[in-house]
Amino acid sequence: MESNDFKRHIAVTGGAGFIGSNLLLLLVPRYPDDFFVNIDALTYAGNLSNLATIEGADNYRFERLDITEPEAVRECFRRYKFDGVIHLAAESHVDRSILGPEAFVRTNVLGTANLLEAARAQEHSVRFVHVSTDEVFGSLEQVGKFTAESPYRPSSPYAASKAAADHLVRAYHRTYGMETIITNCSNNFGPYQFPEKLIPLVIRNAVAGKPIPVYGNGLQRRDWLFVRDHCEALDRAFRRGRSGATYLAGADTDITNIDLIRRLCRALDARLGGTPREQLITHVTDRPGHDYRYALDVSSLREELEWRPQCTFDEALEATIDWYLTHEDWLAACDSGVYREYYEQNYANR
Ligand code: NAD
Ligand code: DAU
């Protein structure tokens, strides 16, 4: 089949990353009349093997492309005449943004601007879903929740770069009437998450008997959402979301980092036996500018788009642990020299 035979052409940027892979694995079989183009530069965080089950699908294609290159982005949009964009490509790790913000400004700000310009240059209207983060709102105290009207107060260079991208997307809606939707989501977890992030890092170190680094006192609170539930929210936002709207996505989990880490250790002890893994917990210097707490009012997503997380935190955590324990090869493939260098830089002198 030619790509012209399909009803709609949809670009998914960052489709080889953690959330992007889970999203494509959901959408490609679900919508056989739509044609999906995965636009990804394959940085350290991109892994095409995640997508092995759909790589031969008629309605899927991969384009290796760096969104910071405006001409390449424009050419790709001219070729596929996209009707929709679900934009996930980003530098996504807060600690890396603290060590070196430049790549975050380039990909997250400039890259988003290039995509918006390429979408604006199309002859027909393009629906643009920008996948953003709750970190744009900064930090909460013990109580309260962020709403779509909360002021922007990003703490890290990562959060600031995502905030800048959100502002650009809103500006394209207000100035050019572009059909845009922004989603701000809490911490995701699940299969295919790169082991620099807390949950896979803890599982990996705990299994290997290595120290489990806890930033500061570990009392920071996060709202963990299973990645497949986030992907369902993105699907609904793309298909049915109001143009110009902002949707917040979270699961109301609200657990401290230290409690989560202890829980992971106990779950691994129950499966694998051996010395209690909590003994590996090591408090290290806190993350500079560390946000204390995130929590989100998800009523728009619930009421307008009838979205609800489908699994409980416990079920999703168990499934995630099982996935990492049965995908040692996948984890080993993340272990490049570049990752070891990052790990050393981030953790050696804390
Ligand atoms: P990830 O780091 O796992 O994947 C990012 C993907 O983007 C990778 O495949 C990478 O190759 C690609 N990429 C990076 N720079 C690129 C460039 N210049 N050109 C083209 N592709 C490039 O990230 P993730 O955790 O899957 O996050 C996806 C999106 O969701 C990001 O925009 C992130 O800000 C947002 N988000 C993530 C979370 C979370 O908890 N992971 C929560 C809320 C929002
Ligand atoms: O809230 C949404 C954000 O969640 C996304 O926008 C980001 O892309 C995603 O990376 C995530 O950011 P966090 O900084 O919250 O996630 P991370 O897994 O890096 O850290 C989770 C918490 O655990 C945070 O409070 C820092 C702490 N932490 C993290 C690591 C890697 C540790 O205590 N030790 C660690 O080694």
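Numbering of ligands and ligand atoms starts at 1, following listing order. What you see is a predicted model, and the numbers here were worked out from it, not measured in a lab.
- Any N or O atom pair closer than 3.5 Å counts here, and F18 shares at least one such pair with ligand 1.
- Counting protein heavy atoms only, atom 8 (C) of ligand 1 is closest to D40 OD2, 3.6 Å.
- Using a 4.0 Å cutoff on heavy atoms, A249 does not count as a contact of ligand 1.
- Heavy-atom proximity to Y158, at under 4.0 Å, picks out these atoms of ligand 2: 5 (C), 6 (O), 7 (C), 8 (O).
- When each of W330, Y324, F18, Y339 is paired with F194, the ring-ring contact (aromatic ring centres under 6.0 Å, His included) condition holds for Y339 and for no other.
- Atoms of ligand 1 found under 4.0 Å from any heavy atom of L42, numbered from 1 in the order shown, are 11 (O).
- Distances from ligand 1 to the non-hydrogen atoms of Y158 include at least one value under 4.0 Å.
- For ligand 1, the atoms sitting less than 4.0 Å from at least one non-hydrogen atom of V131 are 30 (O), 32 (O), 35 (C), numbered in the order shown with element in parentheses.
- When heavy-atom distances to ligand 2 are checked against a 4.0 Å cut-off, D134 comes that close only through its side chain, counted from C-beta outward.
- Nearest protein heavy-atom neighbour of atom 19 (N) of ligand 1: I67 N, 3.0 Å.
- For a threshold of 3.5 Å applied to N or O pairs, the pair formed by G20 and ligand 1 contains no separation below that value.
- Checked for salt-bridge contact, D291 and R222 miss the test: no charged N lies under 4.0 Å from a carboxylate O.
- The line from CG of L26 to NE2 of H230 is 12.0 Å long, rounded to the nearest 0.5 Å.
- Residues D252 and D254 fail the side-chain proximity criterion, which asks for heavy atoms closer than 4.5 Å.
- Counting heavy atoms closer than 4.0 Å to ligand 1, residue K162 contributes side-chain atoms (C-beta onward) but none from N, CA, C or O.
- An N or O contact shorter than 3.5 Å links A41 to ligand 1 by distance.
- Using a 4.0 Å cut-off to heavy atoms of G46, the atoms of ligand 1 that qualify are 8 (C), 9 (O), 11 (O).
- Linking ILVMFWY side-chain heavy atoms closer than 4.5 Å, directly or via other members, places V207 and I281 in a single hydrophobic cluster.
- When each atom of ligand 1 is checked for a heavy atom of D66 under 4.0 Å away, the hits are 17 (C), 18 (N), 19 (N).
- Here is the list of ligand 2 atoms found below 4.0 Å of a heavy atom in V214: 33 (O).
- Looking at ligand 1, you won't find any N or O of H230 less than 3.5 Å from one of its N or O atoms.
- Ligand-side atoms of ligand 2 in range of V94: 14 (O), range being under 4.0 angstrom from any heavy atom.
- At a 3.5 angstrom cut-off on N or O pairs, K197 does not count as close to ligand 1.
- For atom 10 (O) of ligand 2, the closest heavy atom belonging to the protein is K197 CE, 3.0 Å.
- N188 and N22 share no donor-acceptor pair across their side chains, judged by distance under 3.5 Å alone.
- In this structure, R271 pairs ionically with D322, as a charged nitrogen and a carboxylate oxygen lie closer than 4.0 Å.
- For ligand 1, none of its N or O atoms has an N or O atom of E91 under 3.5 Å away.
- Under the 4.0 Å criterion applied to side-chain N and carboxylate O atoms, K162 and E135 are not assigned as salt-bridge partners.
- Taking the six-membered ring for Trp, F82 and H9 have ring centres at least 6.0 Å apart.
- For N187, every heavy-atom contact with ligand 1 shorter than 4.0 Å involves the backbone, none the side chain.
- Between F104 and Y158, the ring-plane angle classifies as perpendicular under the 30° and 60° cut-offs.
- In this structure, R350 forms a cation-pi arrangement with Y215, its terminal cationic atom sitting closer than 6.0 Å to the ring centre and no more than 45° off the ring axis.
- Remark: the D297 side chain and the S299 side chain contain an N/O donor-acceptor pair separated by less than 3.5 Å.
- Between T43 and ligand 1, at least one pair of N/O atoms sits closer than 3.5 Å.
- Residue A159 does not touch ligand 2, judged by heavy-atom distances below 4.0 Å.
- The protein atom (non-hydrogen) at minimum distance from atom 29 (C) of ligand 2 is Y215 CE1, 3.6 Å.
- Protein heavy atom closest to atom 36 (O) of ligand 2, with residue, atom name and distance, is Y347 OH, 2.7 Å.
- Figure legend: cation-pi geometry between R96 and Y342, with NZ or CZ positioned under 6.0 Å from the six-membered ring centre and within 45° of its axis.
- Atom NE2 in H87 sits 7.5 Å away from atom CG in L116 (nearest 0.5 Å).
- Taking the six-membered ring where tryptophan is involved, the planes of Y31 and F36 are tilted, since the angle between them lies from 30° to 60°.
- Taking 4.5 Å as the limit, every side-chain heavy atom of Q310 sits out of range of all side-chain heavy atoms of R228.
- Judged by the 6.0 Å distance and 45° axis criteria, K210 is positioned over the aromatic ring of Y343.
- Nearest protein heavy-atom contact of atom 12 (O) of ligand 2 is E135 OE2, 2.9 Å.
- Classification of D223 and K145 as a salt-bridged pair fails, no side-chain N sitting under 4.0 Å from a carboxylate O.
- Considering both main-chain and side-chain atoms, T133 never comes within under 3.5 Å of ligand 1 through any nitrogen or oxygen pair.
- Here the heavy atom of the protein found nearest to atom 41 (N) of ligand 1 is I19 CD1, 3.8 Å.
- Salt bridge absent: D269 and R266 never bring a charged side-chain N and a carboxylate O closer than 4.0 Å.
- Taking a cutoff of 4.0 Å between a charged side-chain nitrogen and a carboxylate oxygen, R78 and E75 do not qualify as a salt bridge.
- Within the structure, ligand 1 lacks T183 among the residues with a heavy atom less than 4.0 angstrom away.
- With a 4.0 Å heavy-atom cut-off, ligand 1 is reached by the backbone of L65 but not by any atom from C-beta on.
- Here the heavy atom of the protein found nearest to atom 24 (C) of ligand 2 is H290 NE2, 3.5 Å.
- The heavy atom nearest to atom 27 (C) of ligand 2, considering only N187, N257, N188, is found in N257.
- Using a 4.0 Å cut-off between heavy atoms, A90 makes no contact with ligand 2 at all.
- At under 3.5 Å, not a single nitrogen or oxygen of E196, backbone or side chain, sits near a nitrogen or oxygen of ligand 1.
- Atom 34 (N) of ligand 2 has as its closest protein heavy atom P213 O, 2.9 Å.
- Checked by distance only, ligand 1 and S132 stay at 3.5 Å or farther apart across all their nitrogen or oxygen atoms.
- For the residues A90, G17, C185, G190, the heavy atom positioned nearest atom 7 (O) of ligand 1 is part of A90.
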